[in-house]
Undergrad: 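Mind having a look at this structure? Questions to follow.
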There are 2 protein chains.
Amino acid sequence: MSKNRSYTPKTAADGVGAALRFLEGRWKLSILFQLFGGKTLRFSELEKAIDGISQKMLIQQLRQLEVDGIVRRTVYPQVPPKVEYELTDWGQELCPALDAILTWAEQRPSGKPEKS
Amino acid sequence: MSKNRSYTPKTAADGVGAALRFLEGRWKLSILFQLFGGKTLRFSELEKAIDGISQKMLIQQLRQLEVDGIVRRTVYPQVPPKVEYELTDWGQELCPALDAILTWAEQRPSGKPEKS
DNA sequence: CAGTATCCCAGACGATACTG
DNA sequence: CAGTATCGTCTGGGATACTG
């Protein structure tokens, strides 16, 4: 009950824009879908699971997801290093929202419509 | 029943990525939210309604939305020209999906979490 | 293993001017 | 009114090499 729920076209666009910015980045969705369902993966496991990603991009996108509060990073202080990544509770909540988008995309009329 | 509903992390990420690509572009959401609810607007009305947009960007984003099947463009052959824009049925369907995203964003824990 | 550090480039975007 | 046409900038991302 604490949020203001009346949106103008502008505030709604801004709100959704801010939300989508969390997902912007060539590899974010790939990372997210590797971690959905409560999975926990090491840096090297993500690197292997996501085809074509470089170490630079992997760490960059992970860092952004981390500061945004979507991914949690856990360091095990040992040699050789071990770092694990998993979704936060809020990050897991993304799943149904992305599913809504996916469902929408599937509804797309394929050919050129006759009318309307 | 015609769609394949089993997703791997990769195919799901690709699917959502493809869907989000329809929304990519600095002004697309602003345009969309002007047109949600079945509203029909002329080029110049959109230009006035969306603060800061240039003619170049407005037409560019509108064209993309049009070829993607989200926006419908209607030309009235008269002088001076009159062109109207409105959402397609599929475009209107975006509304609930974007609402899911917005709701997710509102759920975001604001401060630094104590635990988990 | 899990990162950093550089260099580079395509393409998205903005500013501005012009036109059927 | 509803667009085109140019030009310049900026930044996300790729390639590659190095390190605690």
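Lettering of chains follows the sequences in order, A, B, ..., and the numbering in each one begins at 1.
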Undergrad: What nucleic acid atoms does A/Q61 come within less than 4.0 Å of, heavy atoms only: base, sugar-phosphate, or nothing?
TA: sugar-phosphate
Undergrad: If the test is side chain to side chain donor-acceptor pair (under 3.5 Å), which one of A/E24, A/R21, A/K28 qualifies with A/Q64?
TA: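 Answer to the side chain to side chain donor-acceptor pair (under 3.5 Å) test with A/Q64 among A/E24, A/R21, A/K28: A/K28.
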Undergrad: Calculate, to the nearest 0.5 Å, the distance between atoms CE and CD belonging to B/M57 and B/E47 respectively.
TA: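 Atom-to-atom, B/M57:CE and B/E47:CD are 13.0 Å apart.
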Undergrad: With a non-hydrogen cut-off below 4.0 angstrom, is A/K82 in contact with a base, only sugar-phosphate, or nothing?
TA: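 Here A/K82 touches the backbone only, sparing every base.
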Undergrad: Using atom CG of B/L23 as one end and atom P of C/dA12 as the other, report the distance to the nearest whole Å.
TA: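 B/L23 atom CG is separated from C/dA12 atom P by 15 Å.
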Undergrad: Applying a 4.0 Å non-hydrogen cut-off, can you work out what B/S44 is touching in the nucleic acid: base, sugar-phosphate, or nothing?
TA: sugar-phosphate
Undergrad: Expressed in angstrom and rounded to an integer, what is the separation of B/L58 atom CG from C/dG14 atom P?
TA: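 From B/L58 CG to C/dG14 P: 12 Å.
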Undergrad: To the nearest Å, give me how far apart CD (B/Q60) and P (C/dG14) are.
TA: 9 Å
Undergrad: Given Watson-Crick or G-U pairs with both distances under 3.5 Å, what dot-bracket string fits DNA chain D, with | for other-strand pairs and [ ] for crossing?
TA: ||||||||||||||||||||
Undergrad: Quick check on DNA chain D: between B/K56 and B/R42, whose nearest nucleotide comes earlier from the 5' end?
TA: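 Looking at the nearest nucleotide for each, B/R42 comes out on the 5' side.
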Undergrad: Please identify the 5'-most and 3'-most nucleotides of DNA chain D with any atom under 4.0 angstrom from a heavy atom of chain A.
TA: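 That gives a stretch of D/dG13 to D/dG20.
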Undergrad: Distance from A/L20 atom CG to B/L20 atom CG, nearest 0.5 Å?
TA: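 So the CG of A/L20 and the CG of B/L20 are separated by 6.0 Å.
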Undergrad: Pick the nucleotide of DNA chain C nearest each of B/Q55 and B/E24; which residue has the one closer to the 5' end?
TA: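 The answer here is B/E24.
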Undergrad: Donor-acceptor pair, distance only, cut-off 3.5 Å: does the side chain of A/T11 make one with the backbone of A/Y7?
TA: no
Undergrad: Measure the distance from CZ on A/R21 to P on C/dA12 and round it to the nearest whole Å.
TA: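 Rounding to the nearest Å, CZ of A/R21 and P of C/dA12 are 18 Å apart.
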Undergrad: May I ask you to test the A/L87-A/V71 pair for a side-chain heavy-atom distance under 4.5 Å?
TA: yes
Undergrad: Look up atom CG in A/L23 and atom CG in A/L32, then write down how far apart they are to the nearest 0.5 Å.
TA: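 Going from the CG atom of A/L23 to the CG atom of A/L32 covers 6.5 Å.
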Undergrad: NA contact type, A/Y76, heavy-atom cut-off 4.0 Å: base, sugar-phosphate, or nothing?
TA: nothing
Undergrad: Using side-chain heavy atoms (C-beta onward) and a distance below 4.5 Å, is B/Q34 in contact with B/L41?
TA: yes
Undergrad: Could you walk me through whether A/I70 and A/F22 satisfy the side chain to side chain contact (heavy atoms under 4.5 Å, CB included) test, starting with their C-alpha distance in whole Å, then the side-chain angles of each, then the deciding distance to 0.1 Å, before giving a yes or no?
TA: CA-CA 9 Å; A/I70 294 171; A/F22 291 130; 3.8 Å; yes
Undergrad: Before accepting this row, confirm whether a basic side-chain N of the pair A/R42/A/E84 lies closer than 4.0 Å to the acidic partner's carboxylate O.
TA: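 Looking at A/E84 together with A/R42, the answer is no, because their closest N to O distance does not fall below 4.0 Å.
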